[in-house]
Amino acid sequence: MNKKEVFFRDKEECSEEFTHITGGITDPALKAIDELYGAADVLSIKNAVKHQRILLALSIIGTLITMGFLLYDEAELHGLILACTVMILFLFYIRRKAHTLDCHRKYIEYRVLAETLRVQFFLSVAGVQKQVVDILPWFIRQGLPWIEDVLKSLPKMSSHERNPIINFWILDQRAYHNGALAKAENKKNRDNRTTRVVIAITIIAYLITLFFELFIFTQNPGSVDVNAIRAILKIIVGTMSAVTLFTSSYYGKLSLTYTINDHKRMIALYDNAERE
């Protein structure tokens with residue numbers, strides 16, 4: 001089954017209500033475009049959620065393996081080596097599940113389809129006879145030929161009446177990117193706060209360790225269980241490293257910096273389009 005057939009199968013099996021570019025559509029060609037857009041939009045969002053859950057699960061399990069091995073080594077909780085083995089098996093299972101779901105590819109490619117259909121809808125409403133399929137970027141033509149096939153199968157408009165599109169294209173899309181930018185910046189700020197806290201705790205733990213070793217070296221107190229205190233300090237530092245691993249594994253894979261910059265560029269584009 002090729003990718004185009006997979007999309008239409010997913011469309012038929014989707015039980016969620018499709019989204020709409022705008023309401024009150026009467027032209028049959030626009031209805032067809034809107035229906036395909038709604039399916040691609042909903043399916044892209046569903047697969048994006050699956051993809052993010054897989055990233056979260058991988059990050060959590062990777063962190064648990066780190067913590068488990070740390071406690072196995074430093075706290076001598078030897079039974080945790082079995083837990084680490086189980087977690088590693090979970091990693092292989094999640095990787096296999098991600099391959100089966102194919103959610104990352106669907107998330108990206110269905111989003112590309114949805115956006116090309118959205119642009120075709122707006123051009124058709126505006127009375128522009130140029131088709132999106134004729135101006136597709138080369139990398140989409142070469143990398144995603146099935147999307148070009150879908151676009152070529154779209155029905156033609158019965159009329160080329162020109163209608164204003166500034167409200168539900170320019171202004172609506174700019175509002176979307178403003179909202180998405182705020183969400184991405186909130187996630188980025190959350191990641192930055194966690195990183196700063198982890199760094200502060202790590203530095204404090206290292207300083208405590210330094211002063212402790214100096215104290216042991218100079219005072220040589222015989223009544224202090226040195227190895228137990230060292231193990232506790234190692235666990236604290238290791239725990240902070242594990243938290244850093246989690247944030248870098250999860251938030252890092254979300255590419256928040258690039259996402260934020262993309263939204264800013266799109267807002268600037270729509271600002272310019274509104275002025276023109």
Side-chain angles (χ1 to χ4, degrees), residues 4 7-8 10-11 14 16-49 106-141 143-144 146-186 255-256 258-276:
K4 179 180 175 182
F7 166 72
F8 281 103
D10 290 346
K11 175 177 176 290
C14 182
E16 296 183 19
E17 184 178 354
F18 295 161
T19 54
H20 297 281
I21 300 174
T22 186
I25 304 172
T26 57
D27 188 280
L30 291 180
K31 282 185 176 181
I33 296 173
D34 182 66
E35 181 184 355
L36 283 176
Y37 162 80
D41 181 57
V42 167
L43 291 171
S44 176
I45 293 172
K46 284 182 64 176
N47 283 282
V49 172
K106 290 180 179 180
Y107 156 47
I108 298 296
E109 295 187 8
Y110 291 177
R111 177 48 51 196
V112 173
L113 175 61
E115 296 309 317
T116 54
L117 289 166
R118 190 206 303 265
V119 174
Q120 182 61 68
F121 183 93
F122 293 143
L123 292 181
S124 299
V125 171
V128 177
Q129 298 189 36
K130 174 72 73 174
Q131 300 295 300
V132 170
V133 70
D134 299 325
I135 56 175
L136 282 177
W138 183 251
F139 74 90
I140 294 181
R141 291 180 183 276
L144 306 174
W146 72 273
I147 290 180
E148 185 176 11
D149 291 342
V150 173
L151 294 174
K152 286 180 177 179
S153 67
L154 295 175
K156 303 298 181 182
M157 289 284 293
S158 56
S159 70
H160 298 291
E161 180 184 354
R162 300 174 66 87
N163 296 288
I165 55 173
I166 186 171
N167 287 327
F168 61 86
W169 187 359
I170 308 302
L171 301 184
D172 181 70
Q173 285 300 289
R174 185 177 62 190
Y176 162 76
H177 284 287
N178 277 317
L181 173 62
K183 292 179 181 178
E185 287 179 335
N186 286 337
S255 302
L256 293 175
Y258 296 107
T259 301
I260 288 170
N261 289 333
D262 284 343
H263 287 310
K264 288 181 178 178
R265 283 192 289 267
M266 292 305 295
I267 291 169
L269 173 65
Y270 286 119
D271 283 339
N272 185 66
E274 182 187 15
R275 286 193 297 270
E276 292 186 357

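In this chain, numbering begins with 1 at the start of the sequence shown. All values below were derived from every heavy atom in this structure, side-chain atoms included, with hydrogens, water molecules and symmetry-related copies excluded.
Rounded to the nearest 0.5 angstrom, D34 CG and D27 CG are separated by 11.5 Å.
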* Between L144 and L113, does a side-chain contact (heavy atoms from CB on, under 4.5 Å) hold up when you go through it step by step? -> CA-CA 9 Å; L144 306 174; L113 175 61; over 6 Å; no
* Take T19 and I45 through the test side-chain contact (heavy atoms from CB on, under 4.5 Å) and record every step on the way to the result. => CA-CA 11 Å; T19 54; I45 293 172; 5.7 Å; no
* Given side-chain contact (heavy atoms from CB on, under 4.5 Å), test N47 with D10 step by step and report yes or no. => CA-CA 11 Å; N47 283 282; D10 290 346; 5.5 Å; no
* Could you go through the salt bridge (charged side-chain N to carboxylate O under 4.0 Å, His left out) check for R265 and D262 one step at a time? => CA-CA 5 Å; R265 283 192 289 267; D262 284 343; 2.3 Å; yes
* Could you please spell out the steps behind the side-chain hydrogen bond (donor to acceptor under 3.5 Å, both in side chains) verdict for Q120 and T116? => CA-CA 6 Å; Q120 182 61 68; T116 54; over 6 Å; no
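Remark: E274 pairs with R174 by the salt bridge (Lys or Arg N to Asp or Glu O under 4.0 Å) rule, at least two apart or across chains.
Atom OH of Y176 sits in a sparse spot, with 12 or fewer heavy atoms from other residues, nucleotides or ligands closer than 6.0 Å. Around the OH atom of Y107, the shell of radius 6.0 Å holds no more than 12 heavy atoms that belong to other residues, nucleotides or ligands.
The two atoms that bring A114 and Y37 nearest to each other are O-CD1, 3.2 Å, heavy atoms only. The nearest pair of heavy atoms linking E161 to N163 is O-ND2, 3.4 Å. For the pair R111 and S44, the tightest heavy-atom approach, listed with the atom from each and the gap, is CB-OG, 3.3 Å. The two residues K152 and V133 have their closest heavy-atom pair at CG-CG2, 3.7 Å. Across all their heavy atoms, V42 and F18 have their closest contact at CG2-CA, 3.9 Å. Minimum interatomic distance between W146 and K4 (heavy atoms only, all atoms of both residues): CE3-CA, 3.7 Å.
Salt bridge annotation for E35-K31: absent, with no cationic side-chain nitrogen under 4.0 angstrom from a carboxylate oxygen.
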